[in-house]
Amino acid sequence: MINLLFMAIFSEMAVIMVLSFKTPFRKLTLMVLDRVKRGRGPVVVKTVAGTLFIVMMSSVYTTVKIRKRWVEDGAATTTDQILMAKHLLEATLMGGVLFLALMIDRLHHYIRELRIRRKSMEAIKKQGPGFEDGKSSGSDKVKALEEEVTTLKAKLKHLESDLESKTKEMDAAEANAVALRKQSEGFLLEYDRLLEENQNLRNQLESLDQSLSHSGSKKNT
């Protein structure tokens, strides 16, 4: 297993060196990494990394356990020393493999981001003249819109003044309507009073006529 870990470390170091310098192998390596990160590749890589991390922690735990036994016994046997060195070396190599794998992932990510940004900058440079023309036409449109906004603001002020005058007229009309209503109520009350007085006068005249007719009949007899 140690030989396999050394091979993995040297392979990862070679990949990092290839990615660090612009060589014909760099493009090929990037293509391979792009394919690895597609489909089920990330799941497989995460599974292998998780398994390697668990094995590394197991080696660390075994190393700590052997060290604790040394402290308790007060002496170390040759077998314990060999086992401890073996597990410590395995844990170190597995940690190195995981660290280098992380470095490869970050280098690949940053190289892709750099390539995307370079392509974007080239596209912007190509669109530069057209953008300047569009900018000038856009400034004309902005000026036209500003003039339209100014006209609309003037119309809005005029409408606000008209609304204010109409509101004042409506308030005056409402005040007149209230005054007329009160005046009509007074007229109705006066009319009722006059009707009542007229009815009283009629009653008095009728009683007067009855009394006169009654007195005239007595004289005739």
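Residues: numbered from 1 along the sequence shown.
A 4.5 Å side-chain heavy-atom check between N203 and E206 finds at least one atom pair inside the cut-off. Taking 4.5 Å as the limit, every side-chain heavy atom of D192 sits out of range of all side-chain heavy atoms of E196. By the 4.5 Å heavy-atom criterion applied to side chains, M84 and T62 are not counted as neighbours. In this structure, F99 and M103 have side chains that are in contact, with non-hydrogen atoms separated by less than 4.5 Å. The shortest side-chain heavy-atom distance between Q199 and L195 does not fall under the 4.5 Å cut-off. Using a 4.5 Å heavy-atom cutoff, the side chains of V45 and K37 are not in contact. Using a 4.5 Å heavy-atom threshold, the side chains of I16 and L100 count as touching. You'll find the side chain of T167 reaches within 4.5 Å of the side chain of D171, heavy atoms only.
No continuous path of ILVMFWY side-chain contacts below 4.5 Å connects L102 to V44, so the two sit in separate hydrophobic clusters. V48 and F53 sit in two unconnected hydrophobic clusters of ILVMFWY residues. Membership requires side-chain heavy atoms under 4.5 Å apart, directly or through other members. Hydrophobic clustering, with ILVMFWY side chains joined whenever heavy atoms are under 4.5 angstrom apart, keeps V18 apart from M13. Note: the hydrophobic cluster containing F6 also contains I104 (ILVMFWY, side chain heavy atoms under 4.5 Å, direct or indirect links). Tracing side-chain contacts under 4.5 Å through hydrophobic residues (I, L, V, M, F, W, Y), one never reaches F25 starting from L33; they form parts of separate clusters.
A side-chain hydrogen bond (donor to acceptor under 3.5 Å, both in side chains) check over residues 9-29, counting only residues at least two apart or in different chains, returns nothing.
Look at E197 and R193 and you find a salt bridge, because one of the NZ, NE, NH1 or NH2 atoms lies within 4.0 Å of a carboxylate O, short of that distance.
Under the 3.5 Å distance criterion, with hydrogens and angles disregarded, no donor-acceptor pair is assigned to the side chains of D105 and H109.
Checking L205, N200, N198 one by one against R202, the side-chain contact (heavy atoms from CB on, under 4.5 Å) holds for a single residue, N198.
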* Stepwise, does the salt bridge (Lys or Arg N to Asp or Glu O under 4.0 Å) test hold for E147 with K143? -> CA-CA 6 Å; E147 292 177 356; K143 289 181 180 178; over 6 Å; no

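Side-chain heavy-atom separations under 4.5 angstrom define the hydrophobic clusters, and L28 shares its cluster with no other residue.
Although no hydrogens or angles enter the test, the distance criterion places a donor-acceptor pair under 3.5 Å between the side chain of N176 and the main chain of A172.
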